[in-house]
Amino acid sequence: MGHAAELLGVRQGFLRSLDAAKLLTPQRSSGGHRRYSRYQLRIAARAHELVAAGTPLEAACRIIILEDQLAEARRINTELQQHHDNRPGASAE
């Protein structure tokens with residue numbers, strides 16, 4: 001956790017608070033140390049950015065979850081649109 005906190009420029013307690021808020025659930029090493037994926041580090045950096053701008057932690061977590069859901073919905077929409085456009089007999093509008 002210390003290395004992750006150092007990489008992000010945050011305190012270890014901030015990363016613990018994200019774990020407690022259930023925004024991140026890091027893997028644990030055999031020695032019990034938290035291990036963060038690159039995706040989790042990006043989420044933690046976004047949370048820190050929001051909190052540093054004055055957003056309460058709970059609200060920052062909700063914003064991040066909604067941003068993630070929106071990105072996933074857009075990805076699915078793009079895939080469906082591509083599938084529709086590539087369908088035999090699909091007309092260009």
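These values consider heavy atoms only, across backbone and side chains, with no hydrogens, waters or symmetry-generated copies.
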Open item on the list: Less than 4.5 Å apart, side chain to side chain, heavy atoms only: is that true for Arg46 and Arg42?
Closed with: no
Task: Any side-chain heavy-atom pair of Leu57 and Leu23 under 4.5 Å - done: no
Task: Modelled atom types, side-chain donor and acceptor of Asn86 and Gln82, under 3.5 Å - done: no
TODO: Please examine the side chains of Leu7 and His3, heavy atoms only from C-beta on, and report whether any two atoms are closer than 4.5 Å.
DONE: yes
TODO: Taking the side chain as every heavy atom from C-beta outward, state whether Leu15 and Leu8 have any pair of such atoms under 4.5 Å apart.
DONE: yes
TODO: State, with a plain yes or no, whether a side-chain heavy atom of Arg34 is found less than 4.5 Å away from one of Arg28.
DONE: yes
- [ ] Return yes when atom CD of Glu79 has more than 12 non-hydrogen atoms of other residues, nucleotides or ligands closer than 6.0 Å, and no otherwise.
- [x] yes
TODO: Evaluate whether atom CD of Glu72 has more than 12 neighbouring non-hydrogen atoms of other residues, nucleotides or ligands under 6.0 angstrom away.
DONE: yes
Task: Residue Arg38 excluded, over 12 heavy atoms near CZ under 6.0 Å - done: no
Open item on the list: Are the side chains of Met1 and Arg16 in contact, using a 4.5 Å heavy-atom criterion?
Closed with: yes
Task: Tyr39 side chain to Asp68 side chain, donor-acceptor N/O pair below 3.5 angstrom - done: yes
Task: Partner set under side chain to side chain contact (heavy atoms under 4.5 Å, CB included) for Leu66, not counting sequence neighbours - done: Arg62, Gln69
